[in-house]
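The structure under discussion appears below in the form of structure tokens.
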Amino acid sequence: MNKTSPPGAPRPRLGADFYQRPDPVALARELLGKRLATCFDGRLTVGRIVETEAYRAPDDKACHAHLNRFTQRTRVMFEPGGRAYIYLCYGIHHLFNIVTGPEGMAHVVLVRAIEPLLGLETMLERRNMRALTPQLTAGPGVMSQAMGLHKTSNGASMLAPDAPIWVEDADPAREPVACGPRIGIDYAEECVQWPWRFWLEGNPWVSRPKKR
DNA sequence: CACGGGATCGTCT
DNA sequence: GACGATCCCGTGT
């Protein structure tokens with residue numbers, strides 16, 4: 001009997017009960033292996049989530065909503081879980097986060113890398129690449145680009161049955177889960193070492209910059 | 001392959 | 001006016 005389904009098989013979308021649970025660290029871990037999907041202009045792209053980071057308000061200094069700082073930018077983080085939080089980083093990269101937790105708790109999970117499953121041609125085209133290599137989607141900026149995730153989708157709900165951004169349930173990952181410090185948050189003082197980055201050990205689609 | 005720097009702009013001070 | 005939850009390319013070895 002088959003224990004896994006083909007990549008193209010339809011899957012149930014995760015709903016509010018998943019996203020609105022209170023612990024963003026547990027959610028970051030559980031999102032590993034699930035399928036991030038978008039459909040923009042009729043172009044379906046799906047990838048298996050292989051790397052995430054948790055950001056938690058109010059105590060986490062690396063979180064944009066540290067001390068529950070409420071600004072125009074962080075506003076969406078306070079919404080109930082199940083929306084996209086997408087912001088421009090370094091003036092170039094659109095970083096895709098999933099708002100989690102109940103309303104008022106500004107927790108998010110950054111999706112850092114996916115393993116491409118469907119819509120590979122679309123992903124390659126968006127990235128201006130020819131060959132299928134981890135550079136396609138390993139890293140939060142390039143992953144967003146490949147999936148067509150842009151700051152114009154900031155605040156979009158992922159809960160409606162016809163929402164163009166969603167996460168599908170999936171079979172449990174076979175790879176072991178590893179964790180370690182988050183990337184690029186050296187300013188966050190005592191939070192720097194918190195092991196809130198999660199990845200699937202050995203999966204080649206996990207980001208691997210030089211300095212880590 | 002290691003290293004260094006530039007790109008580029010929204011956000012908050 | 002400073003600074004990012006990054007990435008890519010050029011240089012040198």
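Naming convention: chains lettered A, B, ... in sequence-line order (proteins, then strands); numbering from 1 in each chain.
Here the side chains of M147(A) and L36(A) are in contact, with some heavy-atom distance below 4.5 Å.
Remark on DNA chain B: of its neighbouring residues G91(A) and T71(A), the 5'-side contact belongs to G91(A), judged by nearest-heavy-atom nucleotide. In terms of position on DNA chain C, the residue among C63(A) and Q135(A) whose nearest nucleotide sits closer to the 5' end is C63(A).
A straight line from CD of Q145(A) to P of dT8(B) spans 14 Å, rounded to a whole angstrom. The nearest whole Å value for the distance from the CD atom in E53(A) to the C1' atom in dT6(C) is 12 Å. When the P atom of dT6(C) is taken as reference, atom CG of N97(A) falls 11 Å away, rounded to whole Å. In this structure, I86(A) atom CD1 and dA5(C) atom P are separated by 17 Å, rounded to whole Å. As a whole-Å value, the separation of R69(A) CZ from dG4(C) P is 12 Å. To the nearest angstrom, C1' of dC9(B) lies 13 Å from OH of Y90(A). Rounded to whole Å, the distance from CG on N128(A) to P on dC9(C) is 11 Å. When the C1' atom of dC12(B) is taken as reference, atom CD of Q72(A) falls 12 Å away, rounded to whole Å.
The cationic atom of R21(A) (NZ for Lys, CZ for Arg) lies less than 6.0 Å from the six-membered ring centre of F18(A) and within 45° of the ring axis. Judged by the 6.0 Å distance and 45° axis criteria, R75(A) is not positioned over the aromatic ring of F70(A).
Separation of the Y87(A) and H64(A) ring centroids falls under the 6.0 Å cut-off.
The side chain of Y187(A) places an N or O atom within less than 4.0 Å of a non-bridging phosphate oxygen (OP1 or OP2) of dA5(C). Note on H93(A): every side-chain N or O is 4.0 Å or more away from OP1 and OP2 of dA5(C). In this model, the phosphate group of dC8(C) is approached by a side-chain N or O of R127(A) to a distance below 4.0 Å at OP1 or OP2.
Ring planes of W196(A) and W194(A): tilted class, angle from 30 to 60°.
Of the candidates dT6(C), dA7(B), dC12(B), dT6(C) carries the atom nearest the C89(A) side chain, counting heavy atoms from C-beta on.
Remark: dT8(B) base-pairs with no nucleotide; criterion is Watson-Crick or G-U wobble with both hydrogen-bond distances under 3.5 Å. Nucleotide dA5(C): unpaired (no Watson-Crick or G-U wobble partner with both distances less than 3.5 Å).
Here I92(A) lies in heavy-atom contact (under 4.0 Å) with a base. Counting non-hydrogen atoms under 4.0 angstrom, R73(A) reaches the backbone sugars and phosphates but no base.
The side-chain ring of Y87(A) is not stacked on the base of dG10(B), judged by centre separation under 5.5 angstrom and plane angle under 30 degrees.
Spacing between dC3(B) and dA5(C) at atom C1', rounded to whole Å, works out to 22 Å.
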